[in-house]
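All remarks here apply to the structure that follows.
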Number of protein chains: 2
Amino acid sequence: MQNDQKIRIVIYEDNRDLREGMTFLLQATPGLEFAGAFPDATNLEMQIPGLKPDVVLMDIDMPGRSGIDAATIVKALRPETQVLMLTVFEDEEKVFQAIRNGASGYLLKRTPPTEIISAIQDVHIGGSPMTSTIARRVLRFFQQQPPSGSSRPDYDLSPRELEILKSMVKGYSYKLIAEEHFISVDTVRSHIRHIYEKLQVNSKTEAVLKALREKIV
Amino acid sequence: MQNDQKIRIVIYEDNRDLREGMTFLLQATPGLEFAGAFPDATNLEMQIPGLKPDVVLMDIDMPGRSGIDAATIVKALRPETQVLMLTVFEDEEKVFQAIRNGASGYLLKRTPPTEIISAIQDVHIGGSPMTSTIARRVLRFFQQQPPSGSSRPDYDLSPRELEILKSMVKGYSYKLIAEEHFISVDTVRSHIRHIYEKLQVNSKTEAVLKALREKIV
DNA sequence: GAATTTATCACCCTTTCGTGCTATTTACCT
DNA sequence: AGGTAAATAGCACGAAAGGGTGATAAATTC
């Protein structure tokens, strides 16, 4: 993806010890080029364009601007820059926010130095290093399944009922659903009644919500 | 998540050398318990319930039933079993299919034995080991779907209207919303009309759908 | 201080929904 | 062949939702 120049790295990390430790680590590693380190991301617009980092190590909790907002801005300024988030906790919400905002990797601060180095190299060649715990959360989000997958309720809808439900999820009125399926409004009503019974709801909105949250629809 | 019993493992892998190699590896590793190995997944319904594996190593390309279908069935039979996919190539489509079908990890066959072992332990305690390349693909999928972050449409709802919208998203009727906010049904109606105008919809269901899909609500 | 926005309430009228009950045809099960 | 479930359709009634119009008071903005 990139040539074999040194990988230019910028650090945003409010903890001084950590920041200096990582700076030292980067400077001591061949193949990496330390480009700068800052305790906060407030002036990042002025820093990134000049420093032209290949990889940014971004602390997620910083005074002033959060690492998540900072990640967004970095990607906006230099899309080719890879952002590696560093955090103490694997906060579910923050992980997803960071990912949506363009972060390419997600590591815990307690990760050993050698692994941080390889994560940097990894993210630079197009990988997305992350802890397997975080990976699981991401996957789970994909699968949109309940925690330990033990009990997914089975509402036992007939194929037709499922079709009708899908139309409902499109926001259609009875009349529209009837037209869409070439059946009478009364039939639609009939199906919907059965759907309500099976889903244990009693309004279109509730049915749609339940369908969206629990089913594939 | 689990107790500290041995981790029971079943292998599905059509390549004999690989299968036997992994069998040997598992048997030689303390903490793991080899429970069975098969060259294909065609009789998996008969095997899984009896063997009760904690982790299944699943080749993705097998004669007869594909590893992806097999993963689905394993999860259906024993949701608590973790499925670790093994593959030669990082085929984008297959990765996603496997994930959607309940796979909890995704490794390349060329992964060194020690890492396979740690991946097994990892997946058993709730992690999702995967190569960083695969992780990147998963993240990219995440990132491309929502236009998100910087440009989220602003419908300019008043605080009150937002409140009402939230109630609507809870599936409440006008009456319930009125009670919840100590206002009359007519007022609720009024707010909802304004919400519809701003969101450009004309039914509760549509409003709720739009709210769910585009807003935070 | 005038204009705009926001929140509130009211009345009327039409359409859509939710529900109870019934009935016919098809298809599948054993 | 008889039983069961699904899909279809109808009727009827009351409740809920949606559209139109208008009005008042408070807060905010200009």
Side-chain angles (χ1 to χ4, degrees), chain A residues 151-217, chain B residues 45-46 69 72-73 76-77 152-217:
Chain A
S151 60
R152 188 264 255 93
D154 181 17
Y155 293 108
D156 196 33
L157 297 178
S158 76
R160 194 55 159 179
E161 286 162 352
L162 244 180
E163 298 257 317
I164 304 291
L165 223 203
K166 285 179 187 169
S167 299
M168 291 169 73
V169 172
K170 286 196 274 182
Y172 286 8
S173 67
Y174 285 18
K175 195 179 284 183
L176 273 176
I177 296 174
E179 286 170 12
E180 190 188 27
H181 295 278
F182 308 107
I183 57 180
S184 82
V185 178
D186 287 305
T187 308
V188 172
R189 229 193 273 282
S190 195
H191 287 309
I192 290 182
R193 239 177 300 150
H194 294 144
I195 293 170
Y196 287 177
E197 280 171 25
K198 291 178 180 176
L199 297 196
Q200 305 216 65
V201 297
N202 43 34
S203 79
K204 198 157 38 165
T205 310
E206 285 180 89
V208 167
L209 285 170
K210 197 152 189 169
L212 281 179
R213 292 207 228 274
E214 302 190 25
K215 305 261 312 182
I216 342 128
V217 181
Chain B
E45 287 91 337
M46 267 123 269
D69 293 340
T72 315
I73 299 166
L77 292 172
R152 181 226 272 108
D154 180 18
Y155 292 107
D156 197 33
L157 297 178
S158 77
R160 192 57 159 181
E161 285 161 352
L162 244 180
E163 299 254 320
I164 305 291
L165 223 203
K166 284 180 188 169
S167 298
M168 292 169 73
V169 172
K170 286 196 274 182
Y172 286 8
S173 68
Y174 284 19
K175 196 179 286 182
L176 273 178
I177 296 174
E179 284 169 14
E180 190 186 26
H181 296 278
F182 307 107
I183 57 180
S184 83
V185 177
D186 285 306
T187 307
V188 171
R189 224 196 286 285
S190 188
H191 287 309
I192 289 182
R193 240 178 295 137
H194 294 146
I195 293 171
Y196 287 176
E197 281 171 27
K198 290 179 180 175
L199 298 197
Q200 304 217 64
V201 298
N202 43 36
S203 80
K204 193 152 53 160
T205 310
E206 286 180 89
V208 168
L209 285 170
K210 198 152 190 170
L212 280 180
R213 291 206 228 275
E214 303 189 27
K215 305 261 310 181
I216 346 124
V217 182

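Protein chains get the first letters and strands the later ones, always in sequence-line order, with residue 1 at the start of each.
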With a 4.0 Å limit, can you tell me whether A/Lys175 has a side-chain N or O closer than that to the phosphate oxygens OP1/OP2 of C/dT16?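 For A/Lys175, the contact criterion (side-chain N or O under 4.0 Å from OP1 or OP2 of C/dT16) is met.
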
Less than 4.5 Å apart, any side-chain heavy atom of B/Val169 and any of B/Leu212?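 Of all side-chain heavy-atom pairs linking B/Leu212 with B/Val169, at least one is under 4.5 Å.
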
Quick one: how far along DNA chain D does chain B reach, first to last nucleotide 5' to 3', anything under 4.0 Å to a heavy atom?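 Both ends considered, the range comes out as D/dA16 to D/dT21.
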
Working to the nearest 0.5 Å, report the span between CD of A/Glu180 and OG of A/Ser173.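 Here the rounded value is 10.5 Å.
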
Rounded distance [0.5 Å steps], OH in A/Tyr174 versus CD1 in A/Ile164: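 Here the rounded value is 11.0 Å.
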
Could you report the tightest heavy-atom contact between B/Gly171 and A/Ser203, atom names first, then the distance?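 B/Gly171 and A/Ser203 have their closest heavy atoms at O-OG, 4.4 Å.
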
What donor-acceptor contacts under 3.5 angstrom involve side-chain atoms of residues 195-202 of chain B, with partners at least two apart or in another chain?
unit_1   : atom_1 : unit_2   : atom_2 : d
B/Tyr196 : OH     : B/Lys204 : N      : 2.9
B/Lys198 : NZ     : B/Asp156 : O      : 3.2
B/Lys198 : NZ     : B/Glu161 : OE1    : 2.6
B/Lys198 : NZ     : B/Glu161 : OE2    : 3.4

Under a 4.0 Å heavy-atom criterion, the protein footprint on nucleotides 24-30 of chain C, written with B, S and -, is -------

Taking the axis from the first five pairs and the axis from the last five, what angle separates them in the helix from C/dG1-D/dC30 to C/dT30-D/dA1, rounded to 10 degrees?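 End-to-end axis angle: 60°.
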
Show every donor-acceptor pair shorter than 3.5 Å between a side-chain atom in residues 183-193 of chain B and any protein atom, with sequence neighbours excluded, or say none if there are none.
unit_1   : atom_1 : unit_2   : atom_2 : d
B/Ser184 : OG     : B/Asp186 : N      : 3.2
B/Ser184 : OG     : B/Thr187 : N      : 3.2
B/Ser184 : OG     : B/Thr187 : OG1    : 3.1

Would you sort out whether B/Glu206 and A/Lys170 count as a salt bridge (Lys or Arg N to Asp or Glu O under 4.0 Å), showing the intermediate values? CA-CA 8 Å; B/Glu206 286 180 89; A/Lys170 286 196 274 182; over 6 Å; no

In sequence, state the C-alpha distance, the side-chain angles, and the governing distance for A/Ile177 and A/Met168, and then conclude on side-chain contact (heavy atoms from CB on, under 4.5 Å). CA-CA 7 Å; A/Ile177 296 174; A/Met168 291 169 73; 3.7 Å; yes

Of the residues in residues 181-196 of chain A, which ones touch DNA chain C at a heavy-atom distance under 4.0 Å?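 A/Arg189, A/Arg193, A/Tyr196 - these, ordered by number, are the residues of the stretch whose heavy atoms sit under 4.0 Å from the strand.
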
Can you tell me how far P of C/dG18 sits from CG of A/Leu199, to the nearest Å?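 Result: 13 Å.
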
Spacing between B/Arg160 atom CZ and C/dT8 atom C1', to the nearest angstrom: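 So the CZ-C1' distance, B/Arg160 to C/dT8, works out to 9 Å.
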
